Amino acid sequence: MTIEYQFTDVNKWSLFWSENLTAPYAQSGLERFYSLGRISPPTLLEKPIIGVWCKNSEAKPNWRYAARYFITIQTGLSPDIGIPNTVIKTGKLYLDQVEIIHIPSISSTFALEIDIPYWHRKFRINVFEYIGNDQNTIHRKLDDLLGYPQP
């Protein structure tokens, strides 16, 4: 069986977005901070495979959980006023490790939102897009056999 992806080749990854965040003080003189909350890249993702890495330079040694991610698309479905994003995938991110996320191929563009818990005061995030060849993957071959050819 052939290798589907070449994740270990750094030339197959492209930095899509990087951000260093610091929680603002809620009141001067007190150790109270506003939450970093939800953040997202300023542009939409176009590649179906991304890698997300998170770091907190002030994290305690036993901290593992970094954030929760949401992959969304615009569908036009509106249960009420406005057009909300439709969440197609969610998951957890962990500190100091790359999470490879395979986004379902149901749209040509995707939005990424990252919900950072309140206890993170300093937070660094890097999002990479996989730009390598994915033409001969098992998923693509199954789609072709089932009659759902991909472009």
Side-chain angles (χ1 to χ4, degrees), residues 1-28 30-77 82-143 150-151:
M1 177 171 226
T2 62
I3 297 174
E4 294 181 13
Y5 300 106
Q6 298 165 344
F7 291 149
T8 57
D9 185 354
V10 288
N11 297 320
K12 305 291 183 184
W13 292 97
S14 172
L15 181 63
F16 176 76
W17 178 60
S18 181
E19 191 80 33
N20 286 314
L21 303 163
T22 302
Y25 281 99
Q27 295 177 352
S28 60
L30 297 176
E31 283 294 313
R32 302 221 184 252
F33 296 86
Y34 288 112
S35 171
L36 292 170
R38 277 197 182 190
I39 60 169
S40 60
T43 57
L44 297 175
L45 293 158
E46 295 179 355
K47 303 291 183 182
I49 298 174
I50 61 173
V52 182
W53 176 81
C54 302
K55 172 98 175 147
N56 179 344
S57 59
E58 297 179 346
K60 296 178 181 170
N62 62 338
W63 289 9
R64 299 285 179 258
Y65 181 68
R68 187 162 177 81
Y69 72 84
F70 301 87
I71 305 292
T72 62
I73 60 171
Q74 288 284 340
T75 59
L77 300 174
I83 301 175
N85 286 340
T86 301
V87 177
I88 60 170
K89 187 166 188 161
T90 65
K92 295 179 181 178
L93 300 171
Y94 296 94
L95 293 172
D96 298 319
Q97 78 179 39
V98 176
E99 182 74 26
I100 294 177
I101 302 168
H102 192 165
I103 303 168
S105 299
I106 58 176
S107 177
S108 60
T109 59
F110 312 92
L112 170 67
E113 295 179 7
I114 301 186
D115 191 15
I116 304 169
Y118 67 91
W119 58 82
H120 289 296
R121 294 181 184 161
K122 289 193 180 275
F123 202 78
R124 182 173 171 203
I125 184 163
N126 290 344
V127 177
F128 301 91
E129 281 186 321
Y130 180 72
I131 56 173
N133 187 6
D134 65 348
Q135 295 300 314
N136 65 344
T137 65
I138 289 176
H139 298 291
R140 185 172 292 276
K141 289 178 183 177
L142 283 174
D143 284 345
Q150 301 286 325

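Residue indices begin at 1 and follow the sequence shown. Quick caveat, the model's predicted, so the values are computed rather than measured.
- With sequence neighbours left out, the side-chain hydrogen bond (donor to acceptor under 3.5 Å, both in side chains) criterion links Glu129 to no other residue.
- The CD1 atom of Ile103 sits 11.0 Å away from the CD1 atom of Ile73 when rounded to the nearest 0.5 Å.
- Looking at heavy atoms from C-beta onward, Ile116 lies in side-chain contact with Leu21 at the 4.5 angstrom threshold.
- Between atom OG1 of residue Thr90 and atom CZ of residue Phe70 there is a gap of 6.5 Å, rounded to the nearest 0.5 Å.
- In this structure Trp13 satisfies the ring-ring contact (aromatic ring centres under 6.0 Å, His included) test together with Phe7, Tyr130, sequence neighbours excluded.
- Atom-to-atom distance recorded for Asn11:CG and Ile131:CD1 is 8.0 Å, nearest 0.5 angstrom.
- One distance of note links CG of Leu93 with CD1 of Ile114; it measures 5.5 Å at 0.5 Å rounding.
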Walk me through it: do Asn126 and Phe16 pass the test side chain to side chain contact (heavy atoms under 4.5 Å, CB included)?
-> CA-CA 8 Å; Asn126 290 344; Phe16 176 76; over 6 Å; no
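- Contact of the Leu95 side chain with the Trp63 side chain is registered, since non-hydrogen atoms from C-beta on lie closer than 4.5 Å.
- Here the side chains of Ile88 and Phe110 are in contact, with some heavy-atom distance below 4.5 Å.
- Annotation: side-chain hydrogen bond (donor to acceptor under 3.5 Å, both in side chains) contacts of Glu19 (sequence neighbours excluded): Trp17.
- Every residue two or more places apart in sequence or in another chain was checked for a ring-ring contact (aromatic ring centres under 6.0 Å, His included) with Tyr118, and none qualifies.
- Residues that satisfy the side-chain hydrogen bond (donor to acceptor under 3.5 Å, both in side chains) test with Arg124, not counting sequence neighbours, are absent from this structure.
- Taking CD1 from Ile71 and OG from Ser107, the interatomic distance works out to 11.5 Å, rounded to the nearest 0.5 Å.
- Across Phe33 and Ala23, no two heavy atoms sit closer than the pair CD2-O, 3.5 Å.
- The list of side-chain hydrogen bond (donor to acceptor under 3.5 Å, both in side chains) pairs with a residue in residues 39-49, not counting sequence neighbours, is empty.
- Remark: Lys89 pairs with no residue by the salt bridge (Lys or Arg N to Asp or Glu O under 4.0 Å) rule, at least two apart or across chains.
- Residues Thr22 and Phe123 fail the side-chain proximity criterion, which asks for heavy atoms closer than 4.5 Å.
- Between Cys54 and Ala66, the shortest heavy-atom contact is CB-CB, 3.7 Å.
- Annotation: salt bridge (charged side-chain N to carboxylate O under 4.0 Å, His left out) contacts involving residues 57-69, sequence neighbours excluded, are absent.
- Here the closest non-hydrogen pair linking Tyr94 and Glu99 is CD1-OE1, 4.5 Å.
- Rounding to the nearest 0.5 Å gives a distance of 10.5 Å between CD1 of Ile125 and NE2 of His120.
- Sorted by first and then second residue, the salt bridge (charged side-chain N to carboxylate O under 4.0 Å, His left out) pairs with a member in residues 103-119 read Arg38-Glu113; sequence neighbours excluded.
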